[in-house]
Amino acid sequence: MGATISRLADKPNLWPWLLLTPLALYLAVFFAVPLFDVAVMSFTEPSLSFANYERVLTGKLYQQVFMNTFMTAGLVTLSCLLVGYPLAYLMNHVTRRTAMLILLLVTMSFWTSFLVRTYAWMVLLGNNGPVVAFLAAIGVDPAPQLLFTRFSSTLAMVHILAPYMIMNIYTVMQKIDPVLIRSAESLGARGWSLFRHVYLPLTAPGIANGCVLVFVICIGFYVTPVLLGSPREQMVAGLIGTQIEEFLAFGMGSAMAIILLVITLAILAVYHRRFGLDKLWG
Amino acid sequence: MNSYLEIKNITKRFGDFTALHEVSLAVEKGEFVTFLGPSGSGKTTTLMIIAGFEKATSGDVLVQGQSLSGLAPYQRNIGIVFQNYALFPHKTAADNVYFPLQMRGYGRGEGLEKAAEMLDLVGLKGFGDRYPKELSGGQQQRVALARALVFEPSLLLLDEPLGALDKNLREQMQIEIKRIQRRLGVTTVFVTHDQSEAMSMSDRIVVFEQGRIQQAASPLDVYHRPKTRFVAGFVGESNLIPARITDAAAGKADSPVLGNCEVKANGAADGQDVTLLIRPEHIRLSREPVDGRKNARMQVDTIVNYGDNALVMGRVGDLNMRARVLGRDVIILEEGDECCISWLPESVFVIEQ
Amino acid sequence: MNRLMRILGVLVVIFIAAPLVIVVPMSFSDARSLQFPPPGYWLGYYYAFFNDWGWLRPTWNSIIIAAATMVLTMILVVPATFALVRYRFYGKSVADLMMMMPLAVPHIVMAVGYYSFLGDLRLVHTHFGVILAHTCLAVPIAFLVLSANLKGFDRTLERAAQSLGASPVRTFMHVTLPILRPGIMISALFAFIQSFDETVVAIFISGRNAETLPRKMFDSIRQEADPVIAVISTLLFAVVILALVAPAGWKSIRKRLRSKTPPAAILGSQ
């Protein structure tokens, strides 16, 4: 009691600084400097000006890509919620054993490389895949193009990001005291009203966590949209990649990267002020 | 002649808050001393200063005349049993007990042999290869005790070690700890906030309050001759009655509620304001006043039955009083009745504030 | 409400399981391109994977890079986590935030940064360059895992060790480290996986020389969707399942071993 406080108050300690310095230096050199490089390039490539930002912010193509990115991210977030909430609910209302099995499944999905999962969706949605076969069987022939559309990339992203949502909601749901639900029921809350007035508010923190996390990851998502999406409906990350790889337009790529970064950090900053960033991934 | 353990004028400040004020105490070799007090009274802080985990702002601790200040905890050779036992979860019971020997350079063979002997002494023969989580609370407690004793420490410190155990086990462990302590003759400081624990185990009780030692005396002295109102109230149940000494030589005091009382003044002077202590078990209940005792009329508010005895709570004037009587004596009474309470003059103890 | 939620829940389970389930049979397929269900089964693509340096080299690169990233990350993160969890000091909240930043920045942004930064250092397309970058990205995850463990560590154990005669160094070696070992190992595992799975930065900086498995898979899926991917996916699956199941298995094995050891063997000399 009072022990830790006294130790801190008594002597200014050098230990934490000594322990922290190697990592701090490392991150300064190999994380902050490259990030700073991006910012510099966005103003200096090919020449010192705001031209890159001007083009990104006023060009029709770029505006469309940003719009597309937000729409997609919003859609993915909403879908993840619609997918994640019922599952988290189910996990809290089945036997322990079943819940553990579902948890194992979700964990496995989470631990599986998203390249693998993207590939699996290519198989599922491909022209020789089961979905098309199923559609043909029920009379939808020829089947619509599924692969390389906004549909396929969105679906795959929902699948890839759903575990984040599920884990977040499941954790808060698990902490809800069953006595609380029973007492709400004894007070006359049933069905929808029980859900609306008791369950939903109690799980709100998990929902907020999951949504912020999914949205933020989604707006910066590169791999899945590039592999599964329509080339005509690129997302920001994909466009940045194209600028760098194909056109060697480092200035434009950097300017877009900085805008993406600012938006991401702005969302996280708002979140940080309300809840604290450490809770987001914890 | 120096005492075995000497605590000299220890003051401890946390920022502006003074946790200990000039605490001094001497403990003899082999003595079992209990620090008793409510939480925040400074008893644990004092223990931690002896152990070396806290540094006193001023003052010194000596064992056999040698100052401990300047010695790190691991150089002090003091055995401690912590509140939650603090057994190493990754070591078996035997390895836990072997640990202090290992730190002192014992070989594994000899060390484990000594550890096994010690486990035997605390009644855990054959439990050496169990991990802490495979042991019950009481067994973990015994391992912790064995570990703190195996290296023949100069002092044994026990920091509320029985708090986590249930009532029956606690009583059993009280007896057990006492037995082992007597057998090894190790000088022991025991910290608790449980007065019955302190009563039953100690050679001497040191009552702490607000960073000061209120009284250091034998259990019976602390109970029957408390030095302050706090001690009287903290140790056991008590009726505390404000009064003034009118004639110290003749043993007379005047209380606003009770009127004139016969007392032993215990050195209080004429005209001094004092508190009279009457333990509830010294009060007798009756319908009519009893000759040869001090009598008062009490309005009975509440009767709590414990079977063998009963607690009767009521008011004399505006003063709350409680009496503890044999179960069968209470049959005559009902809540709301008025009755007579009485006590012998020698049952009154004068506390000089 | 309840019923609706349950039905939806079951559908979601199918949605999540389907892509994971489909990959395994695909790896045994004898079709030349993506086709499900496969027309026939053989082990041809396993043979192809284990005989093609075009696949084995990236696999090996990934293992090397992930292992080195893990080591470097732990060297940096373990002391830093002790500092951040156990001490309060001026600027701590900033340091906490700094630790989490690599997780907040989109990988594509870092990819652009590393492309230019490592290019300047002539480290682009080298193992070393990828390791340097991956370590930054692994730091937050390793820190999150380890700090959760360290926060749960009961410091009374250290006091107990000291009261029993262990100096601070010996306390650390005999008590702190052994008890934290599982946490450190999980933290290291997370760092390894973070690097092994990392795709975006690797696509931009690993080049032909240090090509990692995810980069190779990405290129392959983009160009021709080589069915070997299914083989790799299945193998990776197997590793994941092993990692999830192994701890429980190891526990039961150890228990059995221990119960067979007579107490005398432990108490007896040497």
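Every chain is numbered from 1, with letters handed out A, B, ... down the list of sequences. We use all heavy atoms of the structure for the numbers below, so side chains are in, but hydrogens, waters and symmetry mates are not.
- Of all heavy-atom pairs spanning A:P130 and C:I22, the tightest one is CG-CD1, 3.9 Å.
- Contacts of A:F250 with chain C are made by side-chain atoms alone, with heavy-atom separations under 4.5 Å and no backbone atom involved.
- Using a 4.5 Å cut-off between heavy atoms, A:L105 contacts chain C through both its backbone and its side chain.
- For C:L236, the part sitting under 4.5 Å from any heavy atom of chain A is the side chain, from C-beta outward, and nothing else.
- In this structure the side chain of C:V105 reaches within 4.5 angstrom of the side chain of A:L35, judged on heavy atoms.
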Run the ring pair (Phe, Tyr, Trp, His ring centres under 6.0 Å) check on C:F15 and A:H159 step by step: do they pass? CA-CA 8 Å; C:F15 169 68; A:H159 183 258; 5.4 Å; yes
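- Of the atoms belonging to A:M91, not a single heavy atom falls under 4.5 Å from chain C.
- Closest non-hydrogen pair, A:A120 versus C:P19, comes out as CB-O, 3.3 Å.
- Looking at heavy atoms from C-beta onward, A:Y119 lies out of side-chain contact with C:M217 at the 4.5 angstrom threshold.
- If you measure heavy-atom distances from A:S109 to chain C, the contacts under 4.5 Å come from both the backbone and the side chain.
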Should C:D197 and A:F114 be marked as a side chain to side chain contact (heavy atoms under 4.5 Å, CB included) after you check the CA-CA gap, both sets of side-chain angles, and the distance that decides it? CA-CA 8 Å; C:D197 266 358; A:F114 49 78; over 6 Å; no
Test ring pair (Phe, Tyr, Trp, His ring centres under 6.0 Å) on C:Y90 and A:W17; report intermediate values, then the result. CA-CA 10 Å; C:Y90 185 76; A:W17 298 102; 8.0 Å; no
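- Nearest heavy-atom pair across C:F204 and A:G241 is CZ-CA, 3.5 Å.
- For chain A, the nearby parts of C:F218 are the backbone and the side chain; heavy atoms of each come within less than 4.5 Å.
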Do A:E245 and C:I203 pass the side chain to side chain contact (heavy atoms under 4.5 Å, CB included) test, and can you show the C-alpha distance, the side-chain angles, and the key distance before you say yes or no? CA-CA 10 Å; A:E245 279 194 312; C:I203 287 171; 4.1 Å; yes
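- Side-chain atoms of A:Y26 come within 3.5 Å of backbone N or O of C:L132 as a donor-acceptor pair.
- Heavy atoms of A:V236 lying under 4.5 Å from chain C are absent altogether.
- Of the atoms belonging to A:I258, not a single heavy atom falls under 4.5 Å from chain C.
- Remark: the backbone N or O of A:H93 is paired with a side-chain donor or acceptor of C:R6 at under 3.5 angstrom.
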